[in-house]
Amino acid sequence: PDHIVGAIDLPYIFSNMANYVNDAIKYGMDTEVILYYSNNCYGTADAITVKRKKLRIHDLKTGSQPAHMEQLMIYAALYFMEYKEDPNKFTTELRIYQNNDILICNPKANEIIDITNAIRKGDEIIENVRT
């Protein structure tokens, strides 16, 4: 029959995606933004914006594997490192859109700074091994 589309529940997927897209439009976010610290550490944020000292990163997950906020915490750290900004001067909101839920995290600056320190240390170790 026409209405069967494999094992995919299209309304379910579309509502999750619609929430993500509508919020990205609402907040004027840029999509698929590469965040680069070094050749050893970089990533691509699904959607990101910075306005009035508020960093906002959103990630759409379409799979069934549980998502981890740590990925977005790393993206936040990469943003602050790449643009040489101080996380203490910003508020940060991270969102994961998955399974018709929106998980929201507002990490503290010290949590992000801990990640930036770990990235710097790991990058230095990798570079020392390469030389």
Side-chain angles (χ1 to χ4, degrees):
D2 301 349
H3 66 282
I4 296 178
V5 184
I8 299 172
D9 183 354
L10 289 179
Y12 174 77
I13 288 173
F14 287 147
S15 64
N16 194 45
M17 189 176 298
N19 287 332
Y20 164 78
V21 169
N22 287 334
D23 283 351
I25 292 168
K26 175 174 138 183
Y27 294 115
M29 302 179 87
D30 295 318
T31 57
E32 296 300 313
V33 175
I34 296 171
L35 299 167
Y36 180 88
Y37 174 67
S38 74
N39 287 336
N40 304 315
C41 192
Y42 54 88
T44 303
D46 286 353
I48 187 170
T49 190
V50 179
K51 292 183 180 158
R52 293 182 220 81
K53 296 291 185 178
K54 181 168 188 170
L55 171 64
R56 195 181 278 283
I57 301 174
H58 295 182
D59 197 45
L60 174 66
K61 299 293 186 189
T62 57
S64 59
Q65 291 292 333
H68 300 282
M69 198 58 74
E70 290 84 0
Q71 178 186 357
L72 276 68
M73 297 275 290
I74 291 168
Y75 289 166
L78 289 172
Y79 169 83
F80 289 113
M81 295 169 79
E82 180 174 357
Y83 294 98
K84 297 175 179 43
E85 294 283 3
D86 181 356
N88 289 298
K89 296 180 179 177
F90 286 74
T91 58
T92 301
E93 181 175 288
L94 311 174
R95 291 186 182 191
I96 294 176
Y97 296 76
Q98 184 177 33
N99 300 328
N100 276 347
D101 285 328
I102 303 172
L103 306 175
I104 300 173
C105 175
N106 298 104
K108 304 225 180 309
N110 65 318
E111 295 175 285
I112 295 170
I113 291 168
D114 287 346
I115 294 170
T116 64
N117 291 337
I119 290 170
R120 282 189 183 98
K121 184 175 182 173
D123 190 62
E124 183 180 325
I125 291 168
I126 292 169
E127 285 305 310
N128 286 336
V129 168
R130 286 187 175 162
T131 57

message: Let's go through D59 and Q71 carefully: what are the C-alpha distance in whole Å and the side-chain angles of both, what is the deciding distance for side chain to side chain contact (heavy atoms under 4.5 Å, CB included) to 0.1 Å, and is it a yes or a no?
response: CA-CA 9 Å; D59 197 45; Q71 178 186 357; 3.8 Å; yes
- request: Let me see the working for I74 and I115 under side chain to side chain contact (heavy atoms under 4.5 Å, CB included), right down to the final yes or no.
  value: CA-CA 7 Å; I74 291 168; I115 294 170; 4.1 Å; yes
query: Going by the salt bridge (charged side-chain N to carboxylate O under 4.0 Å, His left out) test, which pairs reach into residues 22-38, not counting sequence neighbours?
result: D23-R95
message: Checking K108 against E111 for the salt bridge (Lys or Arg N to Asp or Glu O under 4.0 Å) test, could you report, in this order, the C-alpha distance in whole Å, the side-chain angles of both residues, the deciding distance, and whether it holds?
response: CA-CA 5 Å; K108 304 225 180 309; E111 295 175 285; 5.9 Å; no
Under 3.5 Å, is there a donor-acceptor pair between the side chain of [X] and the main chain of [Y]?
X	Y	value
K51	Y27	yes
Q98	Q65	yes
N22	A18	yes
E93	R56	no

Joint cluster assignment, [X] & [Y], ILVMFWY side-chain distance < 4.5 Å:
X	Y	value
V21	I104	yes
M29	M73	no
M81	I34	no
I57	Y97	no
Y83	L72	yes

field: Working for side chain to side chain contact (heavy atoms under 4.5 Å, CB included), residues L94 and L103
entry: CA-CA 8 Å; L94 311 174; L103 306 175; over 6 Å; no
Hey, are the side chains of [X] and [Y] touching, using non-hydrogen atoms and a 4.5 Å cut-off?
X	Y	answer
Y37	R120	yes
R130	I126	yes
I113	T116	yes
L55	I48	yes
T92	F80	yes
N106	T91	no

Measure the spacing between [atom1] of [X] and [atom2] of [Y] and express it to the nearest 0.5 Å.
X	Y	atom1	atom2	result
D123	N40	CG	CG	4.5 Å
I102	L60	CD1	CG	10.5 Å
F90	E85	CZ	CD	4.0 Å

field: Closest contact, heavy atoms only, T49 versus G28
entry: OG1-O, 3.7 Å
task: Please name the pair of heavy atoms, one in P87 and one in I112, separated by the smallest distance, quoted to 0.1 Å.
output: CG-CG2, 4.1 Å
- request: Step through it carefully: locate the ring centre of Y20, locate the ring centre of H58, and say whether they are under 6.0 Å apart.
  value: no
- prompt: Less than 6.0 Å separating the ring centroids of Y79 and Y75?
  reply: no
- prompt: What do the steps show when you test N16 against N99 for side chain to side chain contact (heavy atoms under 4.5 Å, CB included), and what is the final call?
  reply: CA-CA 7 Å; N16 194 45; N99 300 328; over 6 Å; no
- prompt: Is there a donor in the side chain of Y36 and an acceptor in the side chain of N39, or the other way round, less than 3.5 Å apart?
  reply: yes
